[in-house]
J.: 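Following this message is one structure expressed as structure tokens.
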Amino acid sequence: MIVTLIVICEVGFWVLLAAGLGLRYLAKMPRTGAAVLLCEPLLEVVLLVVTVLDLRAGADPDWKHGLAAVYIGYTAAFGHYTVRWLDGHARHRLAGGPPPVKPPRFGAARARHEVKLWLRTVAGAGLAAALLQAGVWYVDDPERTASLSSWQGFAGRAVLIHGLIALSYVLWPKDGDGGHAPEAVAGAGAGKDAVRPVEDRAGR
């Protein structure tokens with residue numbers, strides 16, 4: 001049931017996204033389209049409530065509950081980012097808006113961009129880990145909650161791997177010719193982007 005609901009939430013996300021953007025830019029109903037897009041977070045709320053009710057009903061915590069927590073964390077961290085990114089493209093293609101600004105490709109600006117994406121992964125993994133820990137405390141049986149703890153390890157590894165990727169851009173920034181850029185980017189996480197990426201997947 002949990003896995004089916006995750007699939008439904010993912011499909012529902014894209015359906016609401018398409019409907020919201022269509023209403024905004026094709027039907028010329030911006031307020032209605034925005035209202036539809038604002039319904040996106042309700043999908044994660046429904047998934048969270050059903051997962052909690054499943055555990056309260058006596059279900060043994062397993063990989064499905066762990067996957068639900070990770071899914072909620074990911075969509076909370078990257079959903080709004082994805083929606084805004086797609087909204088920029090829809091505005092350009094359907095409403096004659098300006099071309100969306102592309103993420104920086106080289107140098108310190110690219111490093112800052114990668115670090116900001118990594119911070120989203122940190123936030124998503126942190127939320128997932130917190131939900132999983134709440135499940136561990138609720139069940140209060142280490143033998144039954146081993147699966148939830150293993151998903152916490154998965155979230156931690158995702159942060160580590162993405163962090164190493166972001167760090168590579170900080171330590172070895174590339175210039176437009178494919179070589180290493182001469183400027184130092186030790187403060188990559190601070191300041192404003194030279195080119196601000198168009199953000200997001202609304203709500204999730």
Side-chain angles (χ1 to χ4, degrees), residues 1-24 27 29-87 89-90 116-163 199-204:
M1 176 182 179
I2 300 297
V3 175
T4 301
L5 186 57
I6 291 174
V7 174
I8 292 174
C9 286
E10 183 64 16
V11 173
F13 172 83
W14 293 105
V15 170
L16 287 176
L17 181 57
L21 295 179
L23 287 169
R24 293 188 74 176
M29 302 171 64
R31 292 186 178 180
T32 304
V36 171
L37 293 175
L38 289 174
C39 292
E40 298 275 12
L42 295 178
L43 297 172
E44 282 66 58
V45 173
V46 170
L47 178 59
L48 177 60
V49 170
V50 171
T51 302
V52 171
L53 292 177
D54 193 47
L55 291 174
R56 288 189 62 181
D60 284 330
D62 58 17
W63 66 272
K64 297 186 291 293
H65 302 94
L67 178 62
V70 171
Y71 178 82
I72 291 171
Y74 171 81
T75 53
F78 285 93
H80 184 54
Y81 179 91
T82 305
V83 169
R84 287 191 59 186
W85 183 81
L86 289 173
D87 183 69
H89 282 272
K116 288 184 176 182
L117 288 181
W118 174 70
L119 290 176
R120 288 183 178 276
T121 297
V122 172
L127 176 58
L131 292 174
L132 290 165
Q133 189 60 43
V136 169
W137 288 335
Y138 178 77
V139 177
D140 196 23
D141 185 346
E143 292 185 359
R144 295 176 59 205
T145 57
S147 176
L148 300 183
S149 299
S150 68
W151 277 98
Q152 288 179 314
F154 172 84
R157 289 191 294 273
V159 169
L160 177 60
I161 293 171
H162 194 177
E199 299 193 33
D200 267 55
R201 194 169 103 162
R204 260 174 43 151

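Only a predicted model underlies this, so the values are computations on that prediction, with no experimental measurement involved.
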J.: Throw together a table of side-chain donor-acceptor distances under 3.5 angstrom for residues 60-67, partners on residues two or more places apart or in other chains.
T.:
{"residue": "Asp60", "atom": "OD1", "partner": "Arg144", "partner atom": "NE", "Å": "3.1"}
{"residue": "Asp60", "atom": "OD1", "partner": "Arg144", "partner atom": "NH2", "Å": "3.2"}
{"residue": "Asp62", "atom": "OD1", "partner": "Lys64", "partner atom": "N", "Å": "3.1"}
{"residue": "Asp62", "atom": "OD1", "partner": "His65", "partner atom": "ND1", "Å": "3.1"}
{"residue": "Asp62", "atom": "OD2", "partner": "Lys64", "partner atom": "NZ", "Å": "2.6"}
{"residue": "His65", "atom": "ND1", "partner": "Asp62", "partner atom": "N", "Å": "3.2"}
{"residue": "His65", "atom": "NE2", "partner": "Asp54", "partner atom": "OD2", "Å": "2.7"}

J.: Please report the interatomic distance CZ(Arg24) to CG(Leu37), rounded to the nearest 0.5 Å.
T.: 6.0 Å
J.: Quick one: list whatever passes side chain to side chain contact (heavy atoms under 4.5 Å, CB included) with Ala125, sequence neighbours left out.
T.: Ala155, Val159
J.: My understanding is that only one of Thr145, Leu127, Leu148 makes a side chain to side chain contact (heavy atoms under 4.5 Å, CB included) with Leu132; could you say which?
T.: Leu148
J.: Considering non-hydrogen atoms only, spot the tightest contact between Val36 and Ala19 and give its length.
T.: CG1-CB, 4.3 Å
J.: Please report the closest heavy-atom contact between Thr51 and Leu47, naming both atoms and the distance.
T.: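 Where Thr51 meets Leu47 most closely, the heavy atoms are OG1-O, 2.8 Å.
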J.: Can you tell me how far apart OG1 (Thr32) and CG (Leu23) are? Round to the nearest 0.5 Å.
T.: 6.5 Å
J.: Determine the minimum heavy-atom distance between Ala128 and Ala69, stating which atoms define it.
T.: CB-O, 3.5 Å
J.: Mind checking side-chain hydrogen bond (donor to acceptor under 3.5 Å, both in side chains) for Thr121 and listing every partner two or more places apart, or none if nothing turns up?
T.: His162
J.: Counting C-beta onward and ignoring hydrogens, is there a side-chain heavy-atom pair between Leu43 and Leu16 closer than 4.5 Å?
T.: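 Heavy-atom side-chain distance check passes, below 4.5 Å.
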J.: Show every ring-ring contact (aromatic ring centres under 6.0 Å, His included) that has at least one partner inside residues 132-158, sequence neighbours left out.
T.: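 As it turns out, the ring-ring contact (aromatic ring centres under 6.0 Å, His included) pairs with a partner in residues 132-158, which skip direct neighbours, are Trp151-Phe154.
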J.: Among pairs that include at least one residue of residues 121-136, which meet salt bridge (Lys or Arg N to Asp or Glu O under 4.0 Å), considering only residues two or more places apart or in two chains?
T.: none
J.: Looking at Gln152 and Ala129, would you say the former's side chain and the latter's main chain have a donor-acceptor pair under 3.5 Å?
T.: yes
J.: Can you list the residues that meet the side chain to side chain contact (heavy atoms under 4.5 Å, CB included) rule with Ser150, with sequence neighbours excluded?
T.: Ser147
J.: If you round to the nearest 0.5 Å, how far is CG of Leu131 from OH of Tyr71?
T.: 14.0 Å
J.: Quick one: are Val136 and Ser149 in side-chain contact, heavy atoms under 4.5 Å?
T.: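 Yes; the side chains approach each other to less than 4.5 Å.
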